[in-house]
There are 4 protein chains.
Amino acid sequence: MANTMKTLDKIEKKKYIAEKTLELISKKGLANFTMEDVAVACNVSKGSLYNYFKNKNALIIAAFSALMEKMLSFFEEKISEPESDSLEKSAEIYTQIYSEILSSFPSGDLLRLLEILLNSTHDPSMMQTLTKTFKEYYNKILSNFEKIFKSKSSALMLQAMFDGLVIYKAFGVEISDEEIEENVRKIVLCLAK
Amino acid sequence: MANTMKTLDKIEKKKYIAEKTLELISKKGLANFTMEDVAVACNVSKGSLYNYFKNKNALIIAAFSALMEKMLSFFEEKISEPESDSLEKSAEIYTQIYSEILSSFPSGDLLRLLEILLNSTHDPSMMQTLTKTFKEYYNKILSNFEKIFKSKSSALMLQAMFDGLVIYKAFGVEISDEEIEENVRKIVLCLAK
Amino acid sequence: MANTMKTLDKIEKKKYIAEKTLELISKKGLANFTMEDVAVACNVSKGSLYNYFKNKNALIIAAFSALMEKMLSFFEEKISEPESDSLEKSAEIYTQIYSEILSSFPSGDLLRLLEILLNSTHDPSMMQTLTKTFKEYYNKILSNFEKIFKSKSSALMLQAMFDGLVIYKAFGVEISDEEIEENVRKIVLCLAK
Amino acid sequence: MANTMKTLDKIEKKKYIAEKTLELISKKGLANFTMEDVAVACNVSKGSLYNYFKNKNALIIAAFSALMEKMLSFFEEKISEPESDSLEKSAEIYTQIYSEILSSFPSGDLLRLLEILLNSTHDPSMMQTLTKTFKEYYNKILSNFEKIFKSKSSALMLQAMFDGLVIYKAFGVEISDEEIEENVRKIVLCLAK
DNA sequence: GATGAATGAGCGTTCATTCAT
DNA sequence: AATGAATGAACGCTCATTCAT
């Protein structure tokens, strides 16, 4: 533990720090974590951090990338190749996927994604960088769903709905899982048509 | 300007300050606006602010309420009474409403809403208060759409999709308005069935 | 309660405020009570306080006087005229008085007295005023004991010892009441000789 | 002066800062000295202070310890080994010691000790810490006198008297040194019997 | 490259005092 | 005389960043 980082090369160290930072952002919040926190978590001196990242924002950007990477892995793991023969059957499969995701998805990640993104809104250069990363990864995530719908817009709109629902859930709007599942089934079917 | 506030009573002043704060949060960000900023914007001393709000968080809560109020007004204004005779016709009407909203909606407001909400995530008591306000207003907004769908879950899911799309748009995901409109039409139709 | 002060004349009101202030100093500490606290405790506006006292220091001085008055009353009540015929007998009487006082004395008052006095140390004009009041009252208190000892210095030294013991007790120095009593008896006897 | 602290190690620096703080408390008062004052006095930035002390209270506690240390040194230096053969002789010796102490004692130190202690009265955790330190050192001081009296309570009561007299002197109660000396002689004699 | 003490600008909050009503 | 909103100076404390070692 004490020398976890000692054996890593510079790129690996950057990644290690970024991931620890992400954990801290999740635990304490973007506005509340400090460089000191990061240094302690990485068992490194505060000054050393600046050998890897120009400043705090650069560190946040790296943490954001780590987060997007994590989310992409999650989705790619969930979505195996569809290979459906009938429309109804594939609709059912996708409904299952969505429902499963909605219940098992670590919504904290999405919340953190949005927290970082939204706080960047007021710093143009920061926002530009994050937006670029965000688009890249989101397109990759969506491309998995596109295979199903044969339509990018359909995949995107269902994904948007999915994101919205996660937020609602997080902030206490009561939603019946059964009704959602039923509606998703309907929507998938009609969109795939 | 110099004595804008002089003629207002205490409740009006609170509202005035909350609205100015909301403007500042929009302009500078939740993490970056200061009590000093608010004081200057309101042409009032920093100390005076504390005659109206116990602390900065109380001010943020008030600004959040002002924001929700504003959003509610927006939606209530957009949604006129349905009065449809056929399913297809009403589907068309609602599609129009959604499309119009999506294009005219001041997405900054939704972004700000989420920014405030997400930053509260790490402060339980703050989050509890904001969540309460959020649910209250969102239920009111949704109730307008419920009239259309006769189903709360359908309204909610379309609203979730709407929110998600606003976020995507804000962060650079390209979406064709026509495709969205077409898909909304489909979804409304199949959900209303 | 709400109009306790309404029927009082100005001098009585000053006294009333001073006494409430003294209570607040005891409860919250000299460094921690605010003019706001006093106003609330007296059911009076903050501004009104300044019609009775020039500033906070003047209020503290008045509270100090109220405290000295209270202490004087306490001692005068305790010390009835001695009227002893033998030395041993009067020594016993005085020992009893001291012991009783030491166990029943509301040491908080003495602590408050010292708190106010010691904090004034760094403000010459304040200290001068308080010192004057202090001497006045302490001489009166001591004069009661002088009757017993026929010696001012003896009374004063026993009183000094008494004050010291109260402080020690307050700050956790363990003292056996029996030993103290025994020693006081010895000292009174030898000093009265 | 500019780099007085540069050559010291961390522990020495803490001590240096604590002592400077003690000076400031003596000069300006516990309620009036600021962290800024301390920083300037130590020729250090305000922020640096917080590398050595968690907060202002921690600094006050350290200053208090420094003060107690100083007082202990004073007493230990004054009290030489007794080595008396007759009661009268040793009584005389101790009387001399007390008188000398009473006239040479830097009463400001005792006043400061009490100022700090009394102001802590309203902050339980602070009081607990200071009380602990106070008892520790006072027991050490008293133990020196115990050797003389072979009685803890006698030593303690004379010490209490001594403290009381210092306070009285500070606040203008007139006392004749000769009478005090004479009385101390009597008391020592009768207590030692 | 690594360290961590030092910095200093900045922030939220408090509160005695004033003054228009 | 009474009010209480307004003031503004001050304070304790934080923290990203720097730099001598």
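The sequence lines fix the lettering, A, B, ..., with proteins before strands; numbering per chain opens at 1. The figures here come from the full heavy-atom set of this structure, side chains too, leaving out hydrogens, waters and symmetry mates.
Rounded to an integer number of Å, the gap from CG of N51(B) to P of dT17(E) is 17 Å. Residue L59(C) contributes atom CG, which lies 15 Å from atom P of dC15(E) at whole-angstrom precision. dT17(F) atom C1' lies 16 Å from atom CZ of F53(A), rounded to whole Å. The CG atom of L49(A) sits 17 Å away from the P atom of dC19(F) (whole-angstrom rounding). Distance OH (Y52(A)) to P (dT17(F)): 18 Å, rounded to an integer number of Å. At whole-Å resolution of the value, NZ in K13(B) and C1' in dA5(F) are 7 Å apart. Nucleotide dA5(F) holds its P atom 19 Å from the OH atom of Y16(B), rounded to whole Å. Between the P atom of dC11(E) and the NZ atom of K28(B) lies a distance of 8 Å, rounded to the nearest Å.
Paired runs in DNA chain F that reach 3 or more consecutive Watson-Crick or G-U pairs, where each pair keeps both distances under 3.5 Å, cover E:2-21 with F:2-21.
E19(D) contributes atom CD, which lies 12.5 Å from atom CG of L24(D) (distance to the nearest 0.5 angstrom). The NZ atom of K20(D) lies 13.5 Å from the CG atom of L59(D); values are rounded to the nearest 0.5 Å. Atom CG of L118(C) is separated from atom CG of L30(D) by 10.5 Å, given to the nearest 0.5 angstrom. Here OG of S65(B) is found 14.0 Å from NZ of K70(B). Values are rounded to the nearest 0.5 Å. Here D37(C) contributes atom CG and I25(C) contributes atom CD1; the two are 11.0 Å apart, rounded to the nearest 0.5 Å.
For the pair K27(C) and F33(C), the cation does not sit on the ring face, since its NZ or CZ is not both under 6.0 Å from the ring centre and inside 45° of the axis. Cation-pi contact between K13(D) and Y52(D): absent, since separation from the ring centre below 6.0 Å together with deviation from the ring axis within 45° is not met.
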Open item on the list: Output one letter per nucleotide in nucleotides 8-14 of chain F: B when a protein non-hydrogen atom lies under 4.0 Å from the base, S when only the sugar-phosphate is that close, - when neither is.
Closed with: B-BSBBB

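At most 12 heavy atoms of other shown residues, nucleotides or ligands fall within 6.0 angstrom of atom NZ in K132(D).
Closest approach of T21(B) and A63(B) over heavy atoms only: CG2-CB, 4.0 Å. Across every non-hydrogen atom of S120(B) and L117(B), the tightest pair is OG-O, 2.7 Å.
For residues 119-130 of chain C, proximity to DNA chain F is found at no residue, defined as any non-hydrogen atom under 4.0 angstrom from a strand atom.
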- [ ] Take E12(C) and K15(C) through the salt bridge (charged side-chain N to carboxylate O under 4.0 Å, His left out) test and state the conclusion after the steps.
- [x] CA-CA 5 Å; E12(C) 289 172 326; K15(C) 187 154 193 191; over 6 Å; no

